[in-house]
Structure formats: C-alpha cells, structure tokens
Amino acid sequence: MARGFDFKAIEDRWQRSWEESGAFTVAEDPGRAKFYLLEMYPYPSGRIHMGHVRNYAIGDVMARFLRMRGYNVLHPMGWDAFGLPAENAAIEHRTHPAKWTTENIAYMRTQLKRMGFSYDWNREITCSDPEYYKWGQWLFLKLYEKGLAYKKLSAVNWCEVCQTVLANEQVEGGLCWRDETPVVQRELPGWFFKITAYAEELLVGLDQLPGWPDRVKVMQRNWIGKSVGAEVRFPLPDREQPLTIFTTRQDTLFGATFMILAPEHPLALTLSKGTPQEGKAHAFVQRMKREDKILRTAADAEKEGVFTGAYAINPLTHERIPIWIGNFVLLEYGTGAIMAVPSNDQRDFEFAKKYALPIRLAVKPLDSDLDETDMDRAYEEEGVLVNSGPFTAMASQQAREAIADFLEREGIGTRAVNYRLRDWGISRQRYWGTPIPIIYCDQCGTVPVPYDDLPVILPQDVEISMKGGSPLGKVASFVNVPCPRCGRPAKRETDTMDTFVDSSWYFLRFASPHAHDGPVTPSQVNYWMPVDQYIGGVEHAVLHLLYARFFTKVIRDLGLIAVDEPFTRLLTQGMVCKETHRCPEHGFLLPEEVGADRRCRACGRQVEIGRIEKMSKSKKNIIDPEDLLAHYGADTARVFCLFAAPPERDLEWSEQGVEGSFRFLTRIVRLVEEREELLRCPSVPVPFSRLVAGRALYRKAQQTVKRVTEDVEKEFHFNTAISALMELANEIGHFDLVGMPGEEDERRFAFTYAVDVLLILLSPFAPHLCEELWERLGRDRSIFQMAWPTYDSAVIKAEEILMVVQVDGKVRGRVFLPADVGEEAMREAALADERVTAWLQDRSVKRVVVVPQKLVNIVTGGSR
RNA sequence: GCCGGGGUGGCGGAACUGGGAGACGCACGGGACUUAAAAUCCUGCGAACGCGAGUUCAUGCGGGUUCGACUCCCGCCCCCGGCACCA
C-alpha cells in the first residue's frame, strides 16, 4: 500500500480487536437509556451493493455515536433469506436454494464485517432457519385462531415469470414488483391475512408518528384509502332485495339517473333474465371475464357498458332508473354497484353521453348556474344543491349530513366507510419460503398443525422447477400426513408464505433471538421495543412498512408486546446513482465499452452519456463495494457515502468524491504522524480564562463538538458534520505550535485538545482509522469507550462579533465589536464607519434598524 | 388528474427563527517543491464592468409583504417520486 495510509492492515486489526472483545454485544440494562437502532435487513443475494453500504453506514454512525453518548444500543443484523431468487439460482446453477443462501450469507457477513459495522452478531437471525420460521408458523396459527388468517377462492394477481401469486402491494402499475412483467388475474384459492380489520388503526396510527417522513405517511394513507359516505338501498320492482350502492356523494342523489353494476356482480346476469337485453348482457359479462382486468379497469380505458333491461327506483326521486353493467365498476370496492350521477361525476358523464342516458343537475357552483343540456363535462366540485326537493339550496357539505340523516331515518340507507386496502394475500406457489402449517382432511376439513408439531420443516429433497405448480406438491413425504384430529390420511398445504411475512416481525425477534418458548420473550422485547430509529429504502413504504405495523398490532393484541407502533422514527435514505452510457443500438454499456470519442466500440454510434440513474445491473452503472474496499478501504467508503449528500437524498457516485474523502483521511493521518511525539506527551491543561495563544483553536474545537453533535443527533446531517470536521482539521493543520516564547505549553495544550476532539468526533465515521491513531497517541482505552465530548457555551461564544452595516439593505461595511456590545453602541459604530459615511453623504437618515449582535441597517430618505 | 419532494456557482452541496448567499468538498487556473511527473503545500475561483479601490447583477419565472427575502404570501414554469376510473 503505497498511497495514503495502510488501511488494509488497520482495518483487519481493529475488526479483529472488536470481535475478540465483544465490543458491540449488548444486554438489557434497566439502569441505562436504551436505543434500538435498526437498518432493514438485506436479502442475501450474493454480495452487498452500494445501497447496502450507504444504508448501513448511516446506521453505523448513529450506533457508534449513540453508544458514546451513553445509550445502551441494540444494533442487530440478520438475513431476509427466503424468496424466489434462491429458487431461480437453484435452477440456473443446479444447486440447492439452502446451499446457495447459506453461502451468500457467509460471504455477505464477511463483507459487512469488513465495512466495520458494529453489529451484535450474537443476535443474527436468518429467516430460513427453522428456529425462526417455526415462530412464523406459530404466529400464523394464532392469526388463524383469531379469524385473521383465512382461505378463500378469489381473483388474484399472478406473475407468469415468478409462477406465483402476488399481493396487491407487490403489483406496481400492473407489473410485478420484482421482474416488471405484466401481472394477470387468476381465480385461485389462497390464504389471506385480514389486514383490513386494522385499517382504521393503521390509518390513525400514522398521526402518532411525527418521526416518519411525510411522504411515507401520505403513501400509506392513500394506500389505505378511507372514504366516508353512505350505503343507499335502491328498491328493485318485483324483487325483495334492493340494490345497495356505496357513495361518498349522497348530496348528488337527486341527480342519479341510472345505475351501473360491476360485470362480476351477482345481479348482473340475474337482473337481465327474461328481458330483451338478456343476450346482450350475457355476452358483455362473458367478454369482460375474458378481458384482462388490469387493462379493463385502467384509468385510460374506454368506458363501456350494456343495459341489463332492468330498472331500480331512486329512493329520493322515486323515479324508475335503468340498471346498466359497466367495465369500470369494481366488484371489490364498496358494494360492486354504483349510482350514476352524470351531472356531477365525470366517469358517469362520459358513460351517459356515450349511451344517451339522461343527465340531471344535482349540484351547481356557488356563484354561477349550469345548464345540464349544455355541459361538456361534469361539475365534480362542491356547490349548492338544485333539483333536490327539500334539500335544494343547501351547500354540499351540509346536504351530505342532512341526506345521510334522512336516509337513516327513512330506513333507505346508512352512513358507511370504505377502505381501498384489501386483505393481504400471503400464499405463494413456491418452494423457498415458510410452509403454511395447515393440513386438509377429507373428514375434518381444514386442520391447523398442532403447536407441538411445529415447525413444519421445509423438506430439503425437492425438485425445483418453474412448471407445474408448487414444488412442495410433488414431495409425497411432505404432502401425505395423518390428520392430526382423526388420524386418517390427509394432505398438507403446499403453498408457502410470502417472504414479507417473515420480515413483518423480525425486528421483534432481535430482542430475544434465541427464545425457544415463543416468538419473543416479553420481558426482553418490552425492554427494547419500539425500534427508536429505523433506516431503509423508501420502496417499502406500502409493503414492509405497512405489514410490519399490522403485525405489531396483531402481536400486541396477542398480549406478547406492549407497543402499538414498531418504528418510532423512520429515515428513508435516497438511492445510490451513477451516470449511464447508452448506445442507440446496443442499449446500456459499461464505461469501457465506450471509446474516447464517446462512440460505441461495437457499432460506432454516438453514445448518450450523463443520465444519472439508480445503480443497477441492467443499466450497467454498478460500482461494486468490493472495489471500493480494495482501493480505498472501509473508512473512505463510509465517509464518502455520508459526505456526498444528505441521507434522504439521492447520492450521485463520483470517483473524485471518493478520492476527496480518501485525501481527507490521509490528511488526518499526516496531522497526527507529523506531531506524534508531541501529541503522545501529556499536556498541562490551561483554563480557558487564561488561554490566549491557543484560544481560537480551542474554541474552534468546542464549536465543532456542538455542530457535529447537533448535526448527527437532530437531523442526520452527516454531510455538514463531516464538513465541520474538515474545517477543524484545516485549522489544526494551520496552527502554529511555536508562537512567541513562553506560549509553547499553552499552544501544545490547545493543539492536543483539538486533535483528541477531532479523532473522537470522527470515530463514528471512520472507526478503524480513529482507533488506530488513538492508540498510536498512547491514549489508554479504546476510542469507543471515550465519552462523547461536551462543550461550554461560554467558551463557544466569541468575544468579538463582526457587525454588518447595511445602507438601504445593501452591505456597505463590516466592523468588529466586543461581543457584549449594546444596541446604542452598535448604532453609533455603524454611523461612524468611514465607508458608511461616504454612502450617507447627501442622504438623510430616516431610520436605523439594529439587530443585536449581528447587523445594523441604515435606511435613508432618498437619492443623492 | 390528485398527493408528496425538489429547482442555489462548472459539479455535489451549505445557509440558525427573515439579517454578510455560495460553508465544506470536487473540478479548474496560477505558484512552490521536483530533472520531470505524481503526491503534497500555498493561492485564486458566481457573472458582468473596472488597471484598481470598487460597482452592478445573481438562489427556476412574474408579482407582493418587509428596513431587509434562498427563507414568508399570491400566480406560473420545469424536474423527480408515489397513486390513479376507489363511486
């Protein structure tokens, strides 16, 4: 290692030392404030990527900082080890998912250790470990007992590539979240968790989370999608049962001129029976069933429908109105049927125009009139009711209450709430996941596996393929079991659980990772929970982060934990990005595939360079942390990730930026090495009141303590914290150790103090290097056993202030004044300043604004 | 369309609660050291005008409030992310 410093040796040495001393092992300690710091655990894909480095570097700085601040810090790590990539790898490399996963974990663990992350490895958990998934199965059974886990046949999202069902949260814009291929709808039986039972609590609980970013809360709020309105029963002539609809706009009821059913609505076909429309309605429903539902219900799809031939009675106008079937009405939402108010709903308007259905205005704008025969679009805003019988002239909002009251009084309807949130489909037709602990018996039906028989072990000897359904179904020794109730031959459930189930409670397990009589040990979990700070990517805003909140509430209701919300504070870090090289012919290129003339080496076309995009294999703009580690070491990697951008923003990779961080650390090494002898000798403390020559440096060090502490603690502004450390390092570098005769001791004291402070403050960011230098200076303990420095606000305050003098708001002069200067003295000094008086010639002073300790603004009466 | 986050030098980014815009770093220019280069050190670095002291302009655009606006208010433009026929 020629360049800089021998980071390899330093890192190896200290990593071994921390491991041997068990520096990061923690236990409950009621005497100390606890802090549970957690980063989202990784999927063991094979090797860590820059996103991990950034995520875990942020967490590790926090962990080390908080320990030095005196907290009892739980900082664990584990593996989200179940999931489809292991099966794909198994097929591709002819290996077993378990082997592939275990090897990946082993390698990635060494990588994390080489980054110097301070985890308590005694608490490591792997969710493909039977000791872990046993308790996932246990929780499943508890949910089943409480009616929160159930099986049903339903239309589900199916990914052809993954050969499995996906949860709603795993479909993004009609595409599979993992491979971005189109998702299709399929009728399939599967297991669901009743997350909707907690919809309201999941919604209102967001208000109790001031430490969460707004955008995540907004995304969850939108996802839960609460709508307040009413269910209204529209009588059907000649039928006992009315047609019930849900609306949020009961104020527009008088404008309901027809109704629309979802094609899957049970009445869609029965209502048309015996009418002249029967054939047409039947054909339409059949066609809708064949069409892809995601396309059919997309926002930009053309509205289509057919008349059923039947009529309902508008319960307020008592008019007979036609019932239609429409492609855009969803069975799953509300009651699967709507009243159509074309005057006040754009979708209904388009439908009415297309099929020449009547339009009657129900709500008009406050300040103008509308003619329903002459509208070119619906009036959807609030307004004043018209054509609405006794409610005419009421404001929308008031009318909604009045009409809801009326509906309830007359027995026509009830107030109602609807949520967009659907139950969480957790069945996966794949192998590498937690087996669902259920047995099907011809005699006894669906039988839960008895608790004593847990875990249901995932068999090892399985042929994995992406064809012919769940691989577990082909393992006879797994499938065929005696019924736990009657003993007769029965069959196991062959679906496994969504891996998001595993990650919905892993943070609880870390508190008591080896508990063997339950998923958690209440005394331990209640000491550590909630997670005080959670750090991870925003891509989990409505996936993991919603499921984990749901599980926390369920487990609380089981009486195992005492918290309502799992994560008190959440930091969503930005992505790691890098520029891409794109050839119009060959797509994304590696930098080395581009010639010096910015042309593609393969075809000679001009290559588009400079688009900054998230690092990804497919865009060929990956930086392997392994290379970073080899060339610059872990400390540089950490400092770069934290310095280049504030954590919540995207980080743009820059080779020069890394170089800069490396230079900074090298400078620190030089700073210490050049004065090593001197720094090793104990210096005699000089009280601040007597400090003269070293006063400025001492103060700078204290100011840096304040800045770094506040930056790290309050806002995670690691970038500005590091810049403050750079400033201090610069000032130390320029400090004159000799000065005037007689000042040496004082200067030595200030210098030593500043260097010590610098090393301690820097140690969470660059732990290996700081430990090394600390030791080289002969300081007796590990730097991480040092208390975080404090500062004295009297020291920090400069005894001189620089007063800015403005004339008419423009800076015209600067004057040094004693810090305790009064307003009147500031005013006088400002008016006496030479440069200022020049500006004041021929102008009259109209007013003088004095900002204490800071600035004087002289306002003049006009031009000269 | 709705919701959220942004827009500041060549670049990444600073700026407390309305008070010196551009901290810190990168890139770049000049200089020192060197036979030379690298490394390191010193120095300059928003733009325009000026020999210079300095002056004017400048935080997406247009208005406003204020002694004073990157910061507050009104109206627009652009970029990124999320949701999107949810009745």
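Reminder, nothing fancy here: chain letters follow the sequence lines and each chain counts from 1.
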Base, sugar-phosphate, or nothing: which does A:Thr248 touch, judged by heavy atoms less than 4.0 Å apart? sugar-phosphate
Sort out the partner of B:rU34 for me: Watson-Crick or G-U wobble, both distances under 3.5 Å, none otherwise. none
Is any side-chain nitrogen or oxygen of A:Arg420 closer than 4.0 Å to OP1 or OP2 of B:rA84? yes
Is a donor-acceptor pair below 3.5 Å formed from side chain A:Arg814 to base B:rG20, judging by atom type as modelled? yes
Base B:rC67 paired with A:Lys846 side chain (donor-acceptor, <3.5 Å): no
Taking NZ, NE, NH1 and NH2 as the nitrogens, is one of them in A:Glu648 or A:Arg215 under 4.0 Å from a carboxylate oxygen of the other? no
Rounded to the Å, how far apart are A:Leu175 CG and B:rG82 P? 12 Å
A:Lys810 side chain N/O closer than 4.0 Å to the phosphate oxygens (OP1, OP2) of B:rA69? no
Below 4.0 angstrom from OP1 or OP2 of B:rA14, is there any side-chain N or O of A:Arg649? yes
Any donor-acceptor pair under 3.5 Å from A:Glu380 side chain to A:Gln346 backbone: yes
5' precedence on RNA chain B between A:Trp223 and A:Val849 (nearest-nucleotide basis): A:Val849
Determine whether any donor atom in the side chain of A:Asn857 lies under 3.5 Å from an acceptor atom in the base of B:rC67, or the reverse, and answer yes or no. yes
Within the structure provided, determine whether A:Leu407 and A:Thr414 are in side-chain contact (heavy-atom separation under 4.5 Å). no
Measure from CG on A:Asp650 to C1' on B:rG7 and round the result to the nearest Å. 15 Å
For A:Arg812 and B:rU55, give me the distance from atom CZ to atom C1', rounded to whole Å. 8 Å
Return no unless some side-chain N or O of A:Trp839 is found under 4.0 Å from OP1 or OP2 of B:rU55. yes
Provide, to the nearest angstrom, the distance between the CG atom belonging to A:Asp345 and the P atom belonging to B:rA84. 18 Å
Considering only heavy atoms and no angle criterion, is a donor-acceptor pair shorter than 3.5 Å present between the side chain of A:Gln806 and the base of B:rG19? yes
For A:Val811, report the nucleic acid contact type (base, sugar-phosphate, nothing); a contact means any heavy atom under 4.0 Å. sugar-phosphate
For the residue pair A:Phe718 and A:Phe765, categorise the inter-ring angle as parallel (less than 30°), tilted (30 to 60°) or perpendicular (more than 60°). perpendicular
Picking from B:rA87, B:rG12, B:rU40, the nucleotide nearest the side-chain atoms of A:Phe643 would be B:rG12
